[in-house]
There are 2 protein chains.
Amino acid sequence: MSQNTDSTQHDTVEALRLDRQLCFALYGAANRVTRLYRPLLDALGLTYPQYLAMLVLWEASPRTVGALGEALDLESSTLTPLLKRLEAQGLIARARDPQDERRVIVTLTPTGAALRDRAKAVPEQLLCLLELPLSELGDLRERLKRLAV
Amino acid sequence: MSQNTDSTQHDTVEALRLDRQLCFALYGAANRVTRLYRPLLDALGLTYPQYLAMLVLWEASPRTVGALGEALDLESSTLTPLLKRLEAQGLIARARDPQDERRVIVTLTPTGAALRDRAKAVPEQLLCLLELPLSELGDLRERLKRLAV
DNA sequence: TGCCATTTAATCGCGCACGATTAAATCGTT
DNA sequence: AACGATTTAATCGTGCGCGATTAAATGGCA
């Protein structure tokens with residue numbers, strides 16, 4: 001019985017340690033990468049989530065808030081304030097869709113579209129900071145995309 | 001020249017798209033995993049970062065705030081309020097180190113230590129939700145740990 | 001001993017991130 | 001046409017996460 005108890009306790013220790021490593025690795029990596037982006041994005045006046053929103057808009061500009069939320073996997077409770085800040089910076093415009101007044105259409109302003117030129121150096125700069133071989137990058141990305149669909 | 005311009009523009013598009021995929025995959029995966037933990041941790045009355053702090057404390061209980069911050073890679077500006085909430089729940093105690101009044105020592109209360117029993121089911125539950133083969137898990141963890149040291 | 005540099009947490013302000021709720025517009029069905 | 005269900009953003013409250021600053025204790029050195 002003493003052996004049984006030991007084994008159970010050992011399993012608990014192992015399970016919790018494993019869990020710590022798994023989830024913590026993801027949590028820590030995300031925090032570290034955000035910190036890595038900060039100095040690069042400061043120059044553009046963007047936060048990391050704002051940069052992500054701009055990346056999505058640079059690919060296709062007039063988008064509804066809902067479509068942005070789908071692309072970024074974010075709720076309107078997160079997006080609405082973020083978009084208001086981008087609007088206050090003059091990078092985007094927000095307007096109700098005349099066809100369907102429930103929707104809000106987000107459009108890049110000329111300033112917002114122009115920011116793309118200054119942003120194009122960011123990916124390479126970040127890659128340098130990451131010190132991750134390009135070969136591993138694609139593989140890691142695919143694994144993460146599949147994680148917790 | 002037109003070809004040169006096209007090629008440059010194409011590179012920019014590609015770089016920004018790649019960047020979006022790389023950083024976004026990490027960002028999205030971290031958000032999704034946090035959302036996945038939420039219902040499991042609600043039962044324990046913990047948030048995900050609070051759970052991480054408890055995992056660290058369950059491994060070694062009297063720890064300074066600084067040591068916790070090192071283990072979790074978090075600043076005191078994040079940890080102090082989080083620890084105050086754990087203290088308010090009766091899971092930990094915070095006290096100045098008599099040997100060095102600058103330090104604050106964090107100790108598990110009996111309640112906090114006992115919570116470990118109820119938490120031991122969490123890793124397995126999460127693994128089920130993740131639907132990630134165990135074989136991939138360790139590999140992913142190692143890659144993430146190396147990411148952006 | 002006295003004094004300046006360093007260490008350590010705490011505080012403050014800002015910007016996410018989310019669940020729950022609300023409000024308005026649209027849709028469907030009768 | 002009417003009215004209940006659904007869709008869509010916005011709002012609210014809570015809890016991070018961080019950089020910058022502050023305050024207190026300690027250490028080191030003349």
Side-chain angles (χ1 to χ4, degrees), chain A residues 23-24 26-42 44-54 63-70 72-89 92 94-106 148, chain B residues 23-24 26-39 41-42 45-54 63-70 72-89 92 94-106 148:
Chain A
C23 61
F24 180 66
L26 189 58
Y27 171 80
N31 284 345
R32 288 196 301 275
V33 168
T34 300
R35 284 201 291 265
L36 225 49
Y37 268 102
R38 194 182 308 272
L40 305 180
L41 297 179
D42 275 352
L44 305 180
L46 295 175
T47 65
Y48 179 58
Q50 286 168 11
Y51 172 65
L52 291 178
M54 293 300 288
R63 289 222 213 200
T64 65
V65 170
L68 273 171
E70 187 119 2
L72 296 165
D73 195 10
L74 291 175
E75 303 294 319
S76 72
S77 45
T78 300
L79 265 181
T80 297
L82 185 153
L83 294 174
K84 282 183 179 176
R85 284 184 280 268
L86 290 179
E87 188 182 34
Q89 301 218 6
I92 64 167
R94 293 159 66 247
R96 288 281 166 186
D97 182 349
Q99 251 65 78
D100 183 344
E101 294 275 348
R102 288 172 303 183
R103 299 175 191 271
V104 166
I105 296 180
V106 178
Chain B
C23 61
F24 180 67
L26 189 58
Y27 169 81
N31 284 345
R32 287 196 301 275
V33 168
T34 301
R35 283 202 289 266
L36 226 47
Y37 268 102
R38 194 183 307 273
L41 297 179
D42 274 352
L46 295 175
T47 66
Y48 180 58
Q50 288 168 9
Y51 172 65
L52 291 178
M54 294 300 288
R63 289 221 214 201
T64 66
V65 170
L68 273 171
E70 188 120 1
L72 295 166
D73 194 10
L74 291 175
E75 302 295 320
S76 71
S77 45
T78 301
L79 266 181
T80 298
L82 184 152
L83 294 173
K84 282 183 178 175
R85 283 184 280 269
L86 291 179
E87 188 182 33
Q89 301 217 7
I92 64 167
R94 293 159 64 247
R96 289 278 166 188
D97 182 349
Q99 251 65 78
D100 183 344
E101 294 274 349
R102 288 172 302 183
R103 299 175 190 273
V104 166
I105 296 179
V106 178

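Values reported hereafter were calculated over all heavy atoms of this structure, with side chains retained and with hydrogens, waters and symmetry mates removed. All values reported here derive from a predicted model rather than from experimental measurement. Each chain gets a letter, A, B and so on, in the order the sequences are listed, and its residues count up from 1.
Side-chain nitrogen and oxygen atoms of B:Q99 include none within less than 4.0 Å of the OP1 or OP2 phosphate oxygen of D:dA25. For D:dG15, neither phosphate oxygen OP1 nor OP2 lies less than 4.0 angstrom from any side-chain nitrogen or oxygen of B:Q50. For B:Y27 and C:dA17, the shortest distance from a side-chain N or O to OP1 or OP2 is below 4.0 Å.
Distance B:L68 CG to D:dG17 C1': 16 Å, rounded to the nearest Å. At whole-Å resolution of the value, CZ in A:R85 and C1' in C:dC16 are 7 Å apart. Rounded to an integer number of Å, the gap from OH of A:Y37 to C1' of C:dC16 is 17 Å. Taking atom CG of B:L41 as the reference point, atom P of C:dG19 lies 13 Å away to the nearest angstrom. In this structure, B:L82 places its CG atom 12 Å from P of D:dC18, rounding to the nearest Å. Rounded to an integer number of Å, the gap from CD of A:Q89 to P of C:dC14 is 14 Å. Rounded to an integer number of Å, the gap from CG of B:L74 to P of D:dG15 is 17 Å. Going from atom CD of A:E70 over to atom C1' of D:dT7 covers 13 Å, rounded to whole Å.
Closest heavy-atom contact between B:C23 and A:L52: SG-CD2, 3.6 Å. Considering all non-hydrogen atoms of both residues, B:L82 and B:P49 come closest at CD1-CB, 3.7 Å.
Atom CD of A:Q89 and atom CG of A:L44 lie 10.0 Å apart (nearest 0.5 Å). Interatomic distance, A:E75 CD to B:N31 CG, rounded to the nearest 0.5 Å: 10.5 Å.
In this structure B:Y48 satisfies the ring-ring contact (aromatic ring centres under 6.0 Å, His included) test together with A:Y27, B:Y37, sequence neighbours excluded. Applying the side-chain contact (heavy atoms from CB on, under 4.5 Å) rule to B:T78 yields the partners B:L74; only residues at least two apart in sequence or on another chain are considered.
Sequence order on DNA chain D of the closest nucleotides to B:D97 and A:I105 puts A:I105 first from the 5' end.
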message: Base contacts versus sugar-phosphate-only contacts with protein, heavy atoms under 4.0 Å: please encode nucleotides 1-10 of chain C as B, S and - from 5' to 3'.
response: ------BSBB
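No salt bridge links B:E101 with B:R96; every basic N to acidic carboxylate O contact stays at or beyond 4.0 Å.
Here B:T47 lies in heavy-atom contact (under 4.0 Å) with sugar-phosphate atoms only.
Set against C:dC16, D:dG17, D:dG19, the side chain of B:T78 has D:dG17 as its closest nucleotide.
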